[in-house]
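Structure, as structure tokens:
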Amino acid sequence: MSYPFIRTTYGRRMGALALDWLACMSIVGAFSGGLFAVDPLRPLWIFLLFFAQMWIFTALKGGTLGHHLFGMKVVRFEDGGPLSIGQALIRTILVMLVVTAVTFDENGRGIHERLSGSVLTRS
């Protein structure tokens, strides 16, 4: 038996992802000389900040800033409860691989969601 979730659209997912990425770009830019300053490590810092915020916010708050602003939350697929730190870490690592985040099953869940036992649902 699985939690009766409401599917999210691909557009909402991508909108939340873009918003989170832009927020990380802005934060890194603010601490590294502005948005247009040249820094060869900037992409690495953005990637690491994005990873950290996705993992921590998903584990503690059920989703990132983008998820919440687009009306979504991440829950356990089995019962709709909050994810554990480990589930959130697995989900985040697999999202960062991109391929697992853009392949969906008949329930609308990506590989990253199936392997972490999670689902992104409307809140």
Side-chain angles (χ1 to χ4, degrees):
M1 188 72 184
S2 68
Y3 175 71
F5 65 94
I6 301 170
R7 290 185 194 198
T8 62
T9 64
Y10 191 68
R12 280 182 182 270
R13 288 174 180 261
M14 291 301 106
L17 183 72
L19 182 67
D20 290 334
W21 189 262
L22 288 172
C24 290
M25 284 179 61
S26 298
I27 291 168
V28 169
F31 287 100
S32 64
L35 291 175
F36 302 108
V38 177
D39 180 1
L41 293 178
R42 180 175 286 187
L44 175 64
W45 291 119
I46 293 169
F47 183 83
L48 292 174
L49 180 61
F50 183 78
F51 178 89
Q53 67 91 19
M54 181 172 274
W55 177 33
I56 293 167
F57 290 152
T58 299
L60 297 179
K61 294 289 187 183
T64 63
L65 172 67
H67 288 142
H68 290 295
L69 289 177
F70 278 84
M72 301 180 292
K73 64 181 176 178
V74 180
V75 297
R76 279 195 312 263
F77 183 66
E78 293 177 359
D79 60 5
L83 266 61
S84 68
I85 298 287
Q87 284 177 303
L89 178 61
I90 291 168
R91 185 179 197 282
T92 302
I93 290 170
L94 293 172
V95 164
M96 301 307 273
L97 295 176
V98 178
V99 171
T100 64
V102 295
T103 53
F104 298 96
D105 65 7
E106 64 279 355
N107 289 325
R109 294 172 63 213
I111 293 172
H112 64 292
E113 293 172 317
R114 291 195 327 252
L115 293 177
S116 66
S118 67
V119 64
L120 182 62
T121 183
R122 298 284 302 269
S123 54

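Nothing here was measured: the structure is a model prediction, and the numbers come from that model. Numbers here simply count residues along the sequence, with the first being 1.
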Item to complete: Locate the shortest heavy-atom distance separating D20 from G66; write the atom from each residue and the value.
Response: OD1-N, 2.8 Å
Item to complete: Identify the heavy atoms of W55 and A88 that sit nearest to each other, and give their distance.
Response: CD1-C, 3.5 Å
Discussion item. For residues V98 and L19: do they belong to one hydrophobic cluster (side chain heavy atoms under 4.5 Å, members Ile, Leu, Val, Met, Phe, Trp, Tyr)?
Written reply: no
Discussion item. Does R7 form a side chain to side chain donor-acceptor pair (under 3.5 Å) with T121? I'd like the steps, not just the answer.
Written reply: CA-CA 6 Å; R7 290 185 194 198; T121 183; over 6 Å; no
Response to the item:
CG of L89 to CD1 of I56, rounded to nearest 0.5 Å, is 10.5 Å
Fill in: Distance in Å, R76 CZ paired with S84 OG, rounded so as to fall on 0.5 Å steps
8.0 Å
Item to complete: Would you kindly confirm whether L49 and L60 end up in one hydrophobic cluster when ILVMFWY residues are joined by side chain heavy atoms under 4.5 Å apart?
Response: no
Item to complete: Could you walk me through whether M96 and F47 pass the side chain to side chain contact (heavy atoms under 4.5 Å, CB included) test, one step at a time?
Response: CA-CA 9 Å; M96 301 307 273; F47 183 83; 3.3 Å; yes
Item to complete: Report the distance from atom CE of M25 to atom CD1 of I46, rounding to the nearest 0.5 Å.
Response: 5.0 Å
Practice prompt. Give the cluster check for L65 versus L22: same hydrophobic cluster or not, with ILVMFWY residues linked at side-chain heavy-atom distances below 4.5 Å.
Written response: no
Worksheet item: Will you find, in the side chains of D39 and S32, an N or O donor that is under 3.5 Å from an N or O acceptor?
Response: no
Discussion item. Any side-chain to backbone donor/acceptor pair from H68 onto K61? Under 3.5 Å, distance only.
Written reply: yes
Practice prompt. Mind checking the NE2-OG1 spacing from H112 to T92? Nearest 0.5 Å is all I need.
Written response: 9.0 Å
Discussion item. Suppose we screen for side chain to side chain contact (heavy atoms under 4.5 Å, CB included). Which residues come up paired with S118, at least two apart in sequence or across chains?
Written reply: V74, L83, R91, E113, S116
Item to complete: Drop me the distance from M14's CE to T8's OG1, to the nearest 0.5 angstrom.
Response: 9.0 Å
Fill in: Shortest non-hydrogen contact between H67 and T64, atoms and distance
ND1-N, 3.0 Å
Worksheet item: Hey, what do you get for CH2 (W21) to CE (M54), rounding to the nearest 0.5 Å?
Response: 10.0 Å
Worksheet item: How about F50: does its CZ atom have over 12 heavy atoms from other parts shown lying under 6.0 Å from it?
Response: yes
Item to complete: Flag yes if L17 and L48 sit in one hydrophobic cluster, no otherwise; membership is Ile, Leu, Val, Met, Phe, Trp, Tyr, and two members link when side-chain heavy atoms are under 4.5 Å apart.
Response: yes
Fill in: Closest approach of Q53 to C24 (non-hydrogen atoms, all atoms of both residues)
CG-SG, 3.8 Å
Worksheet entry | Cation-aromatic face contact R122/F5, 6.0 Å, 45 degrees | no
Worksheet item: Honestly curious: do V28 and V38 fall in one hydrophobic cluster under the side-chain, below-4.5 Å linking rule?
Response: no
Practice prompt. Report the C-alpha distance between I90 and Q87 in whole Å, list the side-chain angles of each, state the deciding distance to 0.1 Å, and finish with yes or no for side chain to side chain contact (heavy atoms under 4.5 Å, CB included).
Written response: CA-CA 5 Å; I90 291 168; Q87 284 177 303; 5.8 Å; no
